[in-house]
Amino acid sequence: MAVKAIKESKTDKLFLTANYIYLMVAFIVVLYPIVYIISASLSDPSYVSSGKMWLFPKGFTLNGYKLVFENPKIWTGYGNTIIYTFLGTMLNLVITLPAAYALSRSDFVGRKFFMGMFLVTMFFNGGLIPTYLLVKNLGLINSMGALILPVAASVYNIIVARTFFQSSIPKELQEAAYIDGCTNIKLFIRIVIPLSSAIIAVMALFYGVSHWNSYFPSLIYLNDEAKYPLQMVLRQILVLQEMTAETTGSAVSGDIAIAMNNKAEIASLVKYAVIIVSTLPIIAVYPFLQRYFVQGVMIGSVKG
Amino acid sequence: MKEHGKATAIKRRSLRGDSLTGRIIKNWELYLFIAPAFLYFLIFHYGPMYGIQIAFKNFIPTKGIMGSEWVGFQHFERFFNSYYFWDLLWNTLSLSFYELAIGFPLPILLALAFNEVRNGFFKKTVQTITYAPHFISVVVMSGMIITFLSPSTGMIVKMIEFVGIDAPAFLTDPRWFKTVYVLSGVWQSTGWGTIIYLAALSGVDPQLHEAAIVDGASRFKRVLHINLPMIIPTITILLILNVGNILGVGYEKVLLLQNPLNMDSADVISTFVYRSGLVSAQYSFSTAVGLFNSVVNALMLITVNRIAKRTSDTSLW
C-alpha cells in the first residue's frame with residue numbers, strides 16, 4: 001500500500017502514541033478484573049479480603065474449586081444446562097436454517113410477507129405477562145419446553161443466516177441441481193447444508209451461548225430446584241448470597257472447616273471459583289471460535 | 001449480489017414461463033422449510049400480542065382471556081395516577097439516556113483507535129481480551145459487580161481506599177446505582193460493540209486516504225474527516241435501534257442488582273412489571289404497564305427513524 005511508504009510526520013507519531021496509550025488503557029481496564037478473579041479463586045481468602053492480593057495468587061489453594069465441585073447443586077445445574085443448551089440449540093438450528101434458506105431464495109413467493117411478519121416481532125411484543133400466561137396455558141410451566149420453545153428462533157439470527165445464504169451459495173448450483181431433477185429438499189440437504197458449515201457454526205455458537213447464559217426464563221417458569229440450570233444456581237450463590245458453609249453442607253470436611261473458620265471468607269472464595277467454573281466452557285472455546293463470532297456479527301451488519 | 005440473484009431468477013422464469021401459481025407450486029417445499037419458523041412466531045410472538053387485551057380487562061384466570069370482562073383504561077389510569085409512576089418513568093428514562101450517552105460513543109472511539117493499528121499481535125490480543133466480557137452471563141456479571149463492590153472485601157472498594165478516599169456505598173446508596181449499572185455495562189460490551197464499526201471501517205476506500213495524504217492531512221485529520229464520516233450510516237442505524245429500546249432497559253441486570261436499599265433509583269418499569277405481575281399476580285395491571293412501555297418504545301423508534309430519514313437519508317425502513 002502506498003500509504004505506508006510515506007514517512008509518519010511528528011503529529012502523526014504523537015497521534016499514534018496517544019492511540020496506543022488509549023488502547024493499552026482499555027486493554028488493562030478490561031483484563032484486570034478477569035485476572036483478579038482468576039487469582040482470587042486460587043488464593044487464600046484472607047489475603048483477598050484484606051486487599052493484599054493484587055494481581056497474582058497469594059497463598060495458593062484449590063479449596064474454592066474443591067468446594068464448588070463438592071456442591072451437588074452445581075453438578076445438577078451443570079447437567080441441566082448442558083441438556084438445555086444442547087437440545088435448545090438443535091431446535092434453534094432446525095428452525096432457523098431452513099427458514100433462512102427459504103427467505104434467501106428470490107424465487108420464493110411470499111418471502112416479503114414472512115420477513116415482515118418476523119421483523120415486526122423485533123420491535124413489538126406482547127410483553128412479559130401475556131407471554132407468561134401463554135406458556136402457562138400451553139402447560140409448559142416447570143418443564144424444559146418453557147426454556148427452549150419460547151426462544152426457538154431469533155429474528156436477528158434468521159437475518160444473519162439468510163444474508164449468508166444469499167451471498168455465499170451460488171445461484172448456479174441451484175440451476176444445475178434443477179436440471180439434474182433435484183428437489184428443493186434434496187438441494188438443501190445435499191448441497192446447501194454441506195456448503196454452509198461456517199454459518200452453522202456461527203448460529204450454533206450464538207444460540208448456544210444464549211442458552212448457556214440464560215437465567216430469566218428459568219426464574220419465571222421453573223419452580224423445581226432439581227431442574228434449575230447453572231445460572232439459577234449461580235444466582236443463589238452470587239447474587240442472593242446463599243452460599244455459606246452451611247449450604248455446602250456435608251461437603252465441608254472437618255479439616256477444612258477448622259482451617260477456614262471464617263464463613264464469609266469461604267463464601268467469597270467459592271464465589272470467585274464458581275465464576276470461573278461456570279464461565280470456563282465458554283472461555284475455553286472462545287479463542288478458537290472468536291473469528292466465527294466476529295464473522296457472524298459482520299454478516300449481520302451487512303444490510304440486506 | 002442482489003442484482004445477480006434477480007437476473008438469474010428472471011432468466012429462469014422466462015425460460016420456463018412460470019406463472020405466479022406455477023412458481024408457488026414449483027417451490028412448495030420452501031413453505032415446508034419456513035413452516036416451523038412461521039408457527040413459532042405465530043404462537044410465541046403473535047400469541048402474546050393477542051393476550052395484550054387483558055390490559056383492558058379484569059383478567060381472571062378461571063374465566064380465561066376471552067371470558068374476562070372489559071374495563072377500558074382503568075388499569076392505565078391507576079398506573080398513571082399512582083405515586084410511583086413518575087419515579088418509575090424517571091428511573092427508566094434516566095438510566096437509558098445515561099447508558100446511551102456513555103455506552104454508545106465509546107465503541108465508536110475504540111473502533112477508530114483499533115483501525116489505526118495495523119494487523120498484528122498487539123491488535124489481535126487487545127481485541128480478543130476486549131471482546132471477552134461479552135460472553136459473561138448477566139448473573140455472573142452481577143455477581144462480579146456485587147463482589148467487587150462489597151464494602152468489606154470488594155476489590156474496587158479496596159482500590160479506592162488505597163488512594164485514601166472513603167469509598168461510597170455503591171450498591172446500597174441509590175445515587176450510585178445508575179453509575180454502577182452503566183459503567184459495568186461499558187466494561188462488558190464496549191469491545192464487542194466495536195466489531196460492527198470495524199466492519200464498516202474496513203469498507204473505507206483507501207484512495208480517499210491516499211488523496212488526503214497527498215493533500216497533507218495528518219492521521220488525526222483523516223480519522224476525523226474520512227473514517228468518521230464514512231461510518232455515520234452505521235452509527236445512525238445503531239442509534240435508531242438503541243433509542244427504540246429506550247424504555248426497555250435490560251431488566252435482567254437491573255433485577256439482579258436491585259436491593260431494598262437502592263430501590264429508589266433502581267426500580268424501572270420492566271422490573272416493576274415483573275414484580276407486580278409475576279410476584280404479586282396482578283396480571284391485568286402489569287400487562288397494562290408493559291403495554292405502555294412497548295407503545296412508548298415503538299413510538300420512539302418510529303420518530304427517531306423519521307428524523308434520521310429526513311436529516312441523513314439513513315433509516316431502518
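Note on naming: letters A, B, ... go to the chains in the order of the sequence lines (proteins, then strands), and numbering restarts at 1 for each one.
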What pairs of donor and acceptor atoms, side-chain ones from residues 15-27 of chain A against any protein atom, are under 3.5 angstrom apart with sequence neighbours left out?
from, atom 1, to, atom 2, distance (Å)
A:T17, OG1, A:K13, O, 2.6
A:N19, ND2, B:A113, O, 3.0

Which atoms of [X] come close to chain B, meaning under 4.5 Å heavy atom to heavy atom: side chain ones, backbone ones, both, or neither?
| X | result |
| --- | --- |
| A:I158 | side chain |
| A:L219 | side chain |
| A:P33 | both |
| A:W212 | neither |
| A:I282 | side chain |
| A:F114 | side chain |
| A:V155 | both |
| A:S214 | neither |
| A:L138 | side chain |
| A:V29 | both |

Tell me, for [X] versus chain A, whether the close heavy atoms (under 4.5 Å) come from the side chain, the backbone, both or neither.
| X | value |
| --- | --- |
| B:S150 | neither |
| B:L39 | neither |
| B:F220 | both |
| B:L256 | both |
| B:V279 | neither |
| B:L42 | both |
| B:L32 | side chain |
| B:L291 | side chain |

A:F216 vs B:Y251 aromatic rings, parallel, tilted or perpendicular, using cut-offs 30° and 60°?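 Geometry flag for B:Y251 against A:F216: perpendicular rings.
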Aromatic plane relationship, A:F188 with A:Y101 - under 30° parallel, 30 to 60° tilted, over 60° perpendicular: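 Tilted, since the angle between the ring planes falls between 30° and 60°.
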Quick check: do [X] and [Y] have side-chain heavy atoms less than 4.5 Å from each other?
| X | Y | result |
| --- | --- | --- |
| B:V289 | B:S276 | no |
| B:I136 | A:N213 | no |
| B:M159 | A:W54 | yes |
| B:W192 | A:V297 | yes |

Give the member of [options] that has the highest number of heavy-atom pairs under 4.5 Å with chain B.
| options | result |
| --- | --- |
| A:S278, A:A100, A:P287, A:A99 | A:A99 |
| A:I283, A:L119, A:I275 | A:I275 |
| A:P150, A:G110, A:A102 | A:P150 |

What do you reckon, are the aromatic ring centroids of A:F108 and B:Y31 less than 6.0 Å apart? yes
Is the ring centre of B:Y197 less than 6.0 Å from the ring centre of B:F114? no
Leading residue by heavy atom contact count with chain A [cutoff under 4.5 Å; candidates [options]]:
| options | answer |
| --- | --- |
| B:T234, B:L255, B:L241 | B:L255 |
| B:F59, B:Y50, B:F162, B:W28 | B:F59 |
| B:V138, B:L110, B:N297 | B:L110 |
| B:E161, B:Q127, B:M155, B:K123 | B:M155 |
| B:I146, B:L278, B:V295 | B:L278 |
| B:L109, B:L198, B:L257 | B:L109 |

Taking atom types as modelled, find out whether B:T271 and B:Q258 have a side-chain donor-acceptor pair closer than 3.5 angstrom.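 Their side chains do contain a donor-acceptor pair, which is all the 3.5 Å distance test asks for.
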First locate atom [atom1] of [X], then atom [atom2] of [Y], and finally report the distance between them rounded to the nearest 0.5 Å.
| X | Y | atom1 | atom2 | answer |
| --- | --- | --- | --- | --- |
| A:T11 | B:R219 | OG1 | CZ | 10.5 Å |
| B:F135 | A:Q290 | CZ | CD | 8.0 Å |
| B:F33 | A:R105 | CZ | CZ | 8.0 Å |

Donor-acceptor pairs under 3.5 angstrom involving side-chain atoms of residues 122-133 of chain A: please list them, not counting sequence neighbours.
from, atom 1, to, atom 2, distance (Å)
A:N125, OD1, A:G127, N, 3.0
A:T131, OG1, A:G127, O, 2.6

I would like to know whether B:K253 and B:S184 meet side-chain hydrogen bond (donor to acceptor under 3.5 Å, both in side chains); could you show each step before the answer? CA-CA 10 Å; B:K253 202 167 109 194; B:S184 59; 3.0 Å; yes
More than 12 heavy atoms of other groups within 6.0 Å of B:K221 NZ: no
